[in-house]
Number of protein chains: 2
Amino acid sequence: MVSPEPAATTGTVTRVTLADVAALAGVSASTASLAFSGSGPVSDATRERVLAAASELGYAGPDPRARSLRRGRSGIVGVVLEERVRAAFLDPVKIQTLDGLTEGIAPLGAGLLLFTDSGDPDAPVSLDTAPVDAVVLIGCSPKFFRQVEALQRRGIPLVAIEGAPGGDIPEITIDNREATRLGAEHVRSLGHTDVATVTLPFEPTRTRGELTPEMEAGATVDTAVERLRGARDVFPDIRVGVAGASSIEEGLEAARLLLADAATRPTAIIAQSDLLAAGVIQAAEELGLQVPRDLSVIGFDGIRVDGLQHDLTTLVQPSVAKGRAAGEAIVRMLSGEAASGTDFTSTLHVGDTTAPPRA
Amino acid sequence: MVSPEPAATTGTVTRVTLADVAALAGVSASTASLAFSGSGPVSDATRERVLAAASELGYAGPDPRARSLRRGRSGIVGVVLEERVRAAFLDPVKIQTLDGLTEGIAPLGAGLLLFTDSGDPDAPVSLDTAPVDAVVLIGCSPKFFRQVEALQRRGIPLVAIEGAPGGDIPEITIDNREATRLGAEHVRSLGHTDVATVTLPFEPTRTRGELTPEMEAGATVDTAVERLRGARDVFPDIRVGVAGASSIEEGLEAARLLLADAATRPTAIIAQSDLLAAGVIQAAEELGLQVPRDLSVIGFDGIRVDGLQHDLTTLVQPSVAKGRAAGEAIVRMLSGEAASGTDFTSTLHVGDTTAPPRA
DNA sequence: CTGTTAGCGCATTCAG
DNA sequence: CTGAATGCGCTAACAG
């Protein structure tokens, strides 16, 4: 057995190739290759000789770049998030989706290549120059059309989660409108008639405040629009407060506005996310209102809001499953099968934040 | 001008190469290459001809795999997190660090390749078979030594953030012990003598409860150990509650234990993270204790805890800067310069959660 | 300004 | 079971 010591301590980073190893082992390059990949018929004696030569030379295995050119696969799946890292990962649903995605592509043994906004406008989002085997778009705008087209031409499988890029790209979606309607119906069935809603932003610039017709017309975020539709299916004239993001802070702000005037105060608020709902609850508590006695609150997502003491009534969406489905679609497409999208269903979880209105 | 239409609608994904484009344009492959990279001297007429040929054939640009073999660079930086995505991104500090890292490597125009635990024990964490130009280790254990060694042999620049892999790998660290000592001194200077601390987990299995000598002996998480040392520098006999993770929930649990007995109740708690501190505050409020009147609380990190109404007294660590520094070190190393680590300093932010003990 | 030549490092034919 | 030859698709030198 050759000691690996010299290799480890050799400061010189001379490029050692498979050919070098083969030469030292006294075999051909192809044999050496087989010895490494383990996939071919190689005698144990030969393999050992190759491995010994490798460790003597400090050969670290096949060069991934050459390997991926030769095999036509890089073992990398791209994920496009179109925000700054800190913004994207503020959203628990995205994190869970990403988690599901890692699960889904696990059989590939592939890594996830993150494409996010670096803040530097000059830095090219080199989505179309990256060695990816497939790409998952998460909540992306049409901004990427050019690059997406290029990927398609190259035959790279694409899947979209929430945010329809069109074409024949499989989409993973949920029933935003129907689910919200379900929640709204729950609220109505409890006897509420005076209801307001706190929505997610309607466009990337994240204008907040009471919803104006212009904002609604310029909406680009389908999720917000669809969920609002669902609420309106039940409460057509619902008052709408728009948050600047999905966070407790923003929910608090929006709810302060909606709850400010005791005379026009709603008895229930439908929040478009659990974080917003947590903020709404805080706003209520600030005003000395008790949830659910004085105000019913319903959320969306079904995440566990860290630190929230209530069992939030909410629409539980399968965020992890969404990611996993995307991953599985990718796996299928990479093995040549066709894949179609999936539309998931959310379920109503009735917790302790909704109750009949007082008197 | 040739219409791009046919290319876009062509369903067949025939592999179009640069050579094909060059042939159609009636130029050599190298000229066509220059026309694409834009880096060489090419006449406008020729360039246009090449581009026209490309769009006619539906050529989507150079193949990234071939390009990276030829250039010896893939434009990818690996990030190792050694947890599940959902666990890693629960930690705001890691998110900010990652955000800083994207900033830091922006000049590279490179993407971040995430290496996390997929949950599937069979899936190889193929860190050493991935086409990365450099790798950043974030809070990693010795578990990766083998792979790290392989990367080093291959001459791939490595940087570690929090979690010393040893060797000559540059490390980005903060003054965990000194900073905590500073915070503890602040608490003592207010007059507190009866102080407890809530720590981060001491090892990956995340055992929680009162600290036992065995747990302390088996500690593998430097951050927790160092911060505890800092607290002991000021309060040698401090009571220690160990949390199972950095979250509000865990802080709440740990603090409930520490505050349970009114007779032995501390007047101040030093939490090893802001999330834990938020949980401690919740526990206090549950018991009808007012912060800071009845209990002083100090955190660590300096993140904005979403939904926390207090201005938390805490040790503000430069999490974004840490990531950026790592990124910059990578950039330097890739351009051949040597890079050394950086040790950052945290600063005490005195908010409204610390005050002298009552009477 | 453009064409010719020569590999990058490996994995896969196909013979032996 | 092993070796020799071939090219993945591109770009960097160098001539012209």
I need the [atom1]-[atom2] distance between [X] and [N], as an integer number of Å.
X        : N      : atom1 : atom2 : result
A:Arg71  : C:dA11 : CZ    : P     : 6 Å
A:Arg154 : D:dG9  : CZ    : P     : 12 Å
B:Arg73  : C:dC8  : CZ    : C1'   : 15 Å
B:Asp44  : C:dC1  : CG    : P     : 8 Å
B:Arg70  : C:dG9  : CZ    : P     : 10 Å
A:Leu69  : D:dT6  : CG    : C1'   : 13 Å
A:Asp63  : D:dC8  : CG    : P     : 19 Å

Net bend of the helix from C:dC1-D:dG16 to C:dG16-D:dC1, end axes of five pairs each, nearest 10 degrees: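 About 30°, once rounded to a multiple of 10°.
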Salt-bridge criterion met for A:Asp133 and B:Arg65 (N-O under 4.0 Å):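 Counted as a salt bridge, because a side-chain N and a carboxylate O are separated by less than 4.0 Å.
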Proximity to the side chain of A:Leu34 - top-ranked nucleotide from D:dG3, D:dC10, D:dT2: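 The closest nucleotide is D:dT2.
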Nearest listed nucleotide, side chain of A:Leu18, among D:dG3, C:dC10, D:dC10: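 Out of D:dG3, C:dC10, D:dC10, the nucleotide with an atom closest to A:Leu18's side chain is C:dC10.
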Donor-acceptor pair (no angle test) under 3.5 Å: A:Thr17 side chain, C:dG9 base: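 There is none.
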No-H, no-angle donor-acceptor pair, B:Ser33 side chain to D:dA12 base, under 3.5 Å: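 Looking at the base of D:dA12, it does not pair with any donor or acceptor on the side chain of B:Ser33 (distance under 3.5 Å).
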Side-chain N,O ([X]) to OP1/OP2 ([N]) below 4.0 Å:
X       : N      : value
B:Thr46 : C:dT2  : yes
B:Thr31 : C:dT2  : no
B:Ser43 : C:dC1  : no
A:Arg67 : C:dG9  : no
A:Tyr59 : C:dC10 : yes

B:Val320 vs B:Glu103 side-chain heavy atoms within contact, under 4.5 Å: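 Yes; the side chains approach each other to less than 4.5 Å.
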Under 3.5 Å donor-acceptor, A:Asp128 side chain and A:Ala150 backbone: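 Pair absent, no side-chain N/O of A:Asp128 close to backbone of A:Ala150.
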Side-chain donor/acceptor of A:Arg67 to backbone N/O of A:Pro62, under 3.5 Å: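 Such a contact is absent between A:Arg67 side chain and A:Pro62 backbone.
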Contact nearer the 5' end of DNA chain C, comparing B:Ser28 with A:Ser30: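 Closer to the 5' end of DNA chain C: B:Ser28.
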Between CG on residue B:Leu158 and CG on residue B:Leu151, distance to nearest 0.5 Å: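 These two atoms lie 5.5 Å from each other.
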Neighbour count >12 (heavy atoms, 6.0 Å) for atom CG, A:Asp168: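 No, CG of A:Asp168 has 12 or fewer neighbouring heavy atoms, counting only those of other groups under 6.0 Å.
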Shortest non-hydrogen contact from B:Val331 toward B:Gly104: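 Answer, listing the atom of B:Val331 first, then B:Gly104: CG2-O, 3.6 Å.
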